[in-house]
Trainee: 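If you scroll down you'll find the structure; I have some questions about it.
Worth saying up front: this structure is predicted, and the values here are computed from it rather than measured.
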Protein chains: 2
Amino acid sequence: MSEPTPEALFGAFIERIEALDLDGACALVTDDVEYDNVPIGKSFGPDGIKAVLGPMLGPIEEVRFEVLRQVAVGPLVMNERVDRFRAGERWLELPVAGVFEVTGGKISLWRDFFDMRSFEEQLQGLFG
Amino acid sequence: MSEPTPEALFGAFIERIEALDLDGACALVTDDVEYDNVPIGKSFGPDGIKAVLGPMLGPIEEVRFEVLRQVAVGPLVMNERVDRFRAGERWLELPVAGVFEVTGGKISLWRDFFDMRSFEEQLQGLFG
(Lines give C-alpha, C1' and ligand atoms only; values in the text may rest on other atoms or scores of the structure.)
Protein backbone atom coordinates (compact mmCIF):
# COMPACT_ATOMS: atom_id res chain seq x y z
CA MET A 1 0.00 0.00 0.00
CA SER A 2 1.40 3.41 -0.88
CA GLU A 3 1.82 6.03 1.80
CA PRO A 4 -0.73 8.85 1.98
CA THR A 5 0.44 12.25 0.75
CA PRO A 6 1.44 14.70 3.49
CA GLU A 7 -1.76 16.64 2.77
CA ALA A 8 -3.91 13.50 3.13
CA LEU A 9 -2.05 12.54 6.30
CA PHE A 10 -2.71 15.97 7.80
CA GLY A 11 -6.35 15.70 6.73
CA ALA A 12 -6.67 12.37 8.57
CA PHE A 13 -4.97 13.90 11.61
CA ILE A 14 -7.46 16.79 11.67
CA GLU A 15 -10.37 14.36 11.34
CA ARG A 16 -9.25 12.50 14.44
CA ILE A 17 -8.74 15.71 16.41
CA GLU A 18 -12.25 16.78 15.38
CA ALA A 19 -13.53 13.37 16.52
CA LEU A 20 -11.85 14.19 19.89
CA ASP A 21 -9.81 11.01 19.31
CA LEU A 22 -6.46 12.18 20.63
CA ASP A 23 -5.00 8.66 20.77
CA GLY A 24 -6.01 8.07 17.15
CA ALA A 25 -4.49 11.39 16.07
CA CYS A 26 -1.26 10.61 17.92
CA ALA A 27 -0.98 7.28 16.09
CA LEU A 28 -0.17 9.42 13.01
CA VAL A 29 2.86 11.22 14.50
CA THR A 30 6.47 10.11 14.90
CA ASP A 31 7.85 9.07 18.29
CA ASP A 32 9.90 12.28 18.44
CA VAL A 33 7.34 14.64 16.86
CA GLU A 34 7.91 18.32 17.62
CA TYR A 35 4.67 20.04 18.65
CA ASP A 36 5.23 23.78 18.89
CA ASN A 37 2.61 26.28 19.97
CA VAL A 38 4.77 29.28 19.18
CA PRO A 39 3.64 31.65 21.98
CA ILE A 40 3.65 28.82 24.55
CA GLY A 41 6.56 26.55 23.66
CA LYS A 42 7.48 23.13 22.35
CA SER A 43 6.49 19.63 23.40
CA PHE A 44 7.85 16.40 22.01
CA GLY A 45 6.47 12.96 21.26
CA PRO A 46 2.87 11.68 21.32
CA ASP A 47 2.86 12.04 25.11
CA GLY A 48 3.89 15.69 24.75
CA ILE A 49 0.93 16.35 22.46
CA LYS A 50 -1.43 14.54 24.81
CA ALA A 51 -0.11 16.46 27.83
CA VAL A 52 -0.95 19.77 26.12
CA LEU A 53 -4.14 18.90 24.23
CA GLY A 54 -5.66 16.42 26.69
CA PRO A 55 -6.45 18.94 29.44
CA MET A 56 -7.39 21.56 26.86
CA LEU A 57 -9.86 19.35 25.01
CA GLY A 58 -11.29 17.85 28.23
CA PRO A 59 -14.11 20.39 28.67
CA ILE A 60 -14.55 20.90 24.89
CA GLU A 61 -17.60 19.34 23.26
CA GLU A 62 -16.85 20.10 19.63
CA VAL A 63 -13.74 20.99 17.62
CA ARG A 64 -13.54 22.24 14.04
CA PHE A 65 -10.33 23.12 12.23
CA GLU A 66 -11.45 25.14 9.22
CA VAL A 67 -8.66 25.29 6.63
CA LEU A 68 -8.88 28.54 4.64
CA ARG A 69 -5.75 28.22 2.50
CA GLN A 70 -3.31 25.33 2.26
CA VAL A 71 -0.21 24.57 0.24
CA ALA A 72 1.82 21.37 0.20
CA VAL A 73 5.20 20.75 -1.40
CA GLY A 74 7.33 17.68 -0.73
CA PRO A 75 7.15 16.80 2.98
CA LEU A 76 5.70 20.21 3.97
CA VAL A 77 2.11 21.32 4.47
CA MET A 78 1.36 24.91 5.48
CA ASN A 79 -2.06 26.36 6.05
CA GLU A 80 -4.09 29.15 7.53
CA ARG A 81 -7.04 28.05 9.61
CA VAL A 82 -9.71 29.08 12.02
CA ASP A 83 -9.67 26.59 14.90
CA ARG A 84 -13.02 26.50 16.66
CA PHE A 85 -13.71 24.99 20.08
CA ARG A 86 -17.19 24.71 21.58
CA ALA A 87 -18.19 24.42 25.24
CA GLY A 88 -21.94 24.56 25.81
CA GLU A 89 -23.36 27.23 23.52
CA ARG A 90 -20.13 29.21 23.19
CA TRP A 91 -17.39 28.97 20.58
CA LEU A 92 -13.76 30.01 20.84
CA GLU A 93 -12.50 30.94 17.34
CA LEU A 94 -8.77 31.30 16.86
CA PRO A 95 -6.98 32.34 13.64
CA VAL A 96 -3.98 30.02 13.25
CA ALA A 97 -1.18 29.42 10.74
CA GLY A 98 0.20 25.88 10.82
CA VAL A 99 3.38 24.23 9.58
CA PHE A 100 3.50 20.45 9.23
CA GLU A 101 6.35 18.25 8.14
CA VAL A 102 6.16 14.54 7.38
CA THR A 103 8.97 12.03 7.90
CA GLY A 104 8.60 8.36 6.98
CA GLY A 105 4.84 8.59 6.53
CA LYS A 106 4.16 10.22 9.90
CA ILE A 107 3.87 13.82 11.14
CA SER A 108 7.24 14.87 12.61
CA LEU A 109 6.51 18.59 13.06
CA TRP A 110 3.36 20.48 13.95
CA ARG A 111 3.92 24.18 14.63
CA ASP A 112 1.03 26.62 15.14
CA PHE A 113 1.35 30.42 15.07
CA PHE A 114 -1.39 32.39 16.83
CA ASP A 115 -1.96 35.28 19.19
CA MET A 116 -1.90 34.13 22.81
CA ARG A 117 -3.93 37.09 24.09
CA SER A 118 -6.76 36.33 21.63
CA PHE A 119 -6.74 32.75 22.87
CA GLU A 120 -6.70 33.64 26.58
CA GLU A 121 -9.42 36.27 26.34
CA GLN A 122 -11.74 33.91 24.49
CA LEU A 123 -10.93 31.05 26.85
CA GLN A 124 -12.13 33.23 29.73
CA GLY A 125 -15.30 33.98 27.76
CA LEU A 126 -15.83 30.30 27.04
CA PHE A 127 -15.98 29.28 30.68
CA GLY A 128 -16.64 32.67 32.32
CA MET B 1 9.06 39.72 -20.45
CA SER B 2 7.53 36.93 -18.41
CA GLU B 3 6.17 37.65 -14.95
CA PRO B 4 8.23 36.60 -11.93
CA THR B 5 6.94 33.59 -10.01
CA PRO B 6 5.03 34.41 -6.81
CA GLU B 7 8.03 33.17 -4.82
CA ALA B 8 10.43 35.45 -6.74
CA LEU B 9 8.03 38.36 -6.36
CA PHE B 10 7.87 37.85 -2.62
CA GLY B 11 11.67 37.57 -2.52
CA ALA B 12 11.97 40.94 -4.28
CA PHE B 13 9.43 42.41 -1.87
CA ILE B 14 11.46 41.21 1.15
CA GLU B 15 14.67 42.62 -0.37
CA ARG B 16 13.10 46.06 -0.61
CA ILE B 17 11.74 45.89 2.95
CA GLU B 18 15.22 44.90 4.13
CA ALA B 19 16.63 47.87 2.19
CA LEU B 20 14.11 49.99 4.16
CA ASP B 21 12.68 50.99 0.75
CA LEU B 22 8.99 51.01 1.61
CA ASP B 23 8.01 52.87 -1.57
CA GLY B 24 9.89 50.31 -3.66
CA ALA B 25 8.26 47.42 -1.80
CA CYS B 26 4.81 48.95 -2.26
CA ALA B 27 5.40 49.20 -6.02
CA LEU B 28 5.05 45.39 -5.98
CA VAL B 29 1.56 45.28 -4.44
CA THR B 30 -1.88 45.74 -5.99
CA ASP B 31 -3.85 48.95 -5.46
CA ASP B 32 -6.27 47.08 -3.19
CA VAL B 33 -3.74 44.81 -1.45
CA GLU B 34 -4.95 43.36 1.86
CA TYR B 35 -2.29 43.71 4.56
CA ASP B 36 -3.36 41.79 7.66
CA ASN B 37 -1.40 41.66 10.90
CA VAL B 38 -3.70 39.09 12.48
CA PRO B 39 -3.55 40.28 16.13
CA ILE B 40 -3.79 43.95 15.08
CA GLY B 41 -6.11 44.08 12.08
CA LYS B 42 -6.26 44.73 8.36
CA SER B 43 -5.08 47.63 6.23
CA PHE B 44 -5.67 48.07 2.52
CA GLY B 45 -3.72 49.49 -0.40
CA PRO B 46 -0.10 50.67 -0.59
CA ASP B 47 -1.00 53.63 1.63
CA GLY B 48 -2.38 51.23 4.23
CA ILE B 49 0.92 49.34 4.30
CA LYS B 50 2.88 52.57 4.55
CA ALA B 51 0.67 53.88 7.37
CA VAL B 52 1.45 50.76 9.44
CA LEU B 53 5.08 50.07 8.49
CA GLY B 54 6.30 53.65 8.03
CA PRO B 55 6.09 54.67 11.69
CA MET B 56 7.26 51.22 12.79
CA LEU B 57 10.36 51.21 10.58
CA GLY B 58 11.17 54.87 11.30
CA PRO B 59 13.47 54.24 14.28
CA ILE B 60 14.70 50.87 12.90
CA GLU B 61 18.23 50.75 11.46
CA GLU B 62 18.24 47.22 10.09
CA VAL B 63 15.60 44.67 9.09
CA ARG B 64 16.07 40.99 8.26
CA PHE B 65 13.27 38.60 7.34
CA GLU B 66 14.80 35.15 7.75
CA VAL B 67 12.69 32.57 5.91
CA LEU B 68 12.94 29.17 7.66
CA ARG B 69 10.47 27.17 5.57
CA GLN B 70 8.54 28.24 2.50
CA VAL B 71 6.11 26.58 0.12
CA ALA B 72 4.58 28.02 -3.03
CA VAL B 73 1.77 26.60 -5.14
CA GLY B 74 -0.06 28.55 -7.85
CA PRO B 75 -0.62 32.13 -6.65
CA LEU B 76 0.11 31.28 -2.98
CA VAL B 77 3.31 31.55 -0.98
CA MET B 78 3.35 30.53 2.67
CA ASN B 79 6.33 30.65 4.97
CA GLU B 80 7.57 30.63 8.51
CA ARG B 81 10.09 33.33 9.33
CA VAL B 82 11.97 35.10 12.04
CA ASP B 83 11.57 38.85 11.42
CA ARG B 84 14.42 40.79 13.01
CA PHE B 85 14.49 44.54 13.67
CA ARG B 86 17.55 46.37 15.01
CA ALA B 87 17.70 49.71 16.83
CA GLY B 88 21.17 50.58 18.09
CA GLU B 89 22.71 47.41 19.46
CA ARG B 90 19.43 45.66 20.21
CA TRP B 91 17.41 43.26 18.08
CA LEU B 92 13.72 42.44 18.21
CA GLU B 93 13.19 38.86 16.93
CA LEU B 94 9.65 37.80 16.11
CA PRO B 95 8.52 34.33 14.92
CA VAL B 96 6.03 34.89 12.11
CA ALA B 97 3.99 32.78 9.68
CA GLY B 98 3.11 34.58 6.46
CA VAL B 99 0.52 34.06 3.74
CA PHE B 100 0.97 35.79 0.39
CA GLU B 101 -1.24 35.74 -2.64
CA VAL B 102 -0.40 37.13 -6.06
CA THR B 103 -2.90 38.57 -8.54
CA GLY B 104 -1.87 39.86 -11.98
CA GLY B 105 1.83 39.83 -11.12
CA LYS B 106 1.49 41.83 -7.90
CA ILE B 107 1.03 40.94 -4.24
CA SER B 108 -2.68 41.16 -3.39
CA LEU B 109 -2.58 39.61 0.09
CA TRP B 110 0.00 39.71 2.86
CA ARG B 111 -1.15 38.19 6.13
CA ASP B 112 1.20 37.65 9.09
CA PHE B 113 0.42 35.50 12.13
CA PHE B 114 2.41 36.24 15.29
CA ASP B 115 2.04 36.71 19.03
CA MET B 116 1.29 40.33 19.89
CA ARG B 117 2.58 40.05 23.46
CA SER B 118 5.99 38.78 22.23
CA PHE B 119 6.13 41.75 19.89
CA GLU B 120 5.11 44.34 22.50
CA GLU B 121 7.44 43.06 25.20
CA GLN B 122 10.42 43.09 22.84
CA LEU B 123 9.47 46.50 21.47
CA GLN B 124 9.69 47.89 25.01
CA GLY B 125 13.10 46.26 25.37
CA LEU B 126 14.27 47.72 22.08
CA PHE B 127 13.69 51.32 23.11
CA GLY B 128 13.49 50.97 26.92
Trainee: Pick one of side chain, backbone, both or neither for Val99(A), based on which atoms fall under 4.5 Å of a heavy atom in chain B.
Mentor: side chain

Trainee: Would a single hydrophobic cluster contain both Val67(A) and Met78(A), if residues Ile, Leu, Val, Met, Phe, Trp and Tyr are joined by side-chain heavy-atom contacts under 4.5 Å?
Mentor: no

Trainee: Select one option (side chain, backbone, both, neither) describing which atoms of Leu109(B) are under 4.5 Å from chain A's heavy atoms.
Mentor: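 Only the side chain of Leu109(B) comes within 4.5 Å of chain A.
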
Trainee: Are there donor-acceptor pairs under 3.5 Å across chain B and chain A? List atom names and distances.
Mentor:
from      : atom 1 : to        : atom 2 : distance (Å)
Arg69(B)  : NH2    : Glu101(A) : OE1    : 3.0
Glu80(B)  : OE1    : Arg111(A) : NE     : 2.7
Glu80(B)  : OE2    : Arg111(A) : NH2    : 3.4
Glu101(B) : OE1    : Arg69(A)  : NH2    : 3.0
Arg111(B) : NE     : Glu80(A)  : OE1    : 2.7
Arg111(B) : NH2    : Glu80(A)  : OE2    : 3.4
Asp115(B) : OD1    : Met116(A) : N      : 2.8
Met116(B) : N      : Asp115(A) : OD1    : 2.8
Arg117(B) : NH1    : Glu120(A) : OE1    : 3.4
Arg117(B) : NH2    : Glu120(A) : OE1    : 2.9
Glu120(B) : OE1    : Arg117(A) : NH1    : 3.4
Glu120(B) : OE1    : Arg117(A) : NH2    : 2.8

Trainee: For residues Phe113(A) and Ile40(A): do they belong to one hydrophobic cluster (side chain heavy atoms under 4.5 Å, members Ile, Leu, Val, Met, Phe, Trp, Tyr)?
Mentor: no

Trainee: Is Phe44(B) reachable from Ile49(B) through a run of I, L, V, M, F, W or Y residues, each pair having side-chain heavy atoms under 4.5 Å apart?
Mentor: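 No, separate clusters.
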
Trainee: Should Val102(A) and Phe10(A) be regarded as members of a common hydrophobic cluster, given that ILVMFWY residues are connected when their side-chain heavy atoms come within less than 4.5 Å of each other, either directly or indirectly?
Mentor: yes

Trainee: Transitively linked via ILVMFWY side-chain contacts under 4.5 Å: Phe13(B) with Leu94(B)?
Mentor: yes

Trainee: Indicate the atoms forming the closest heavy-atom contact of Val38(B) with Pro95(A), along with that distance.
Mentor: CG1-CB, 3.8 Å

Trainee: At a 4.5 Å cut-off on heavy atoms, which part of Val96(B) comes close to chain A: side chain, backbone, both, or neither?
Mentor: backbone

Trainee: Can you name the residues that form a side-chain contact (heavy atoms from CB on, under 4.5 Å) with Pro4(A), not counting sequence neighbours?
Mentor: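 For Pro4(A) the side-chain contact (heavy atoms from CB on, under 4.5 Å) partners, ignoring immediate neighbours, are Ala8(A), Leu9(A).
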
Trainee: Among Val71(B), Val77(B), Val73(B), Leu76(B), single out the residue with the greatest number of heavy-atom pairs under 4.5 Å to chain A.
Mentor: Val71(B)

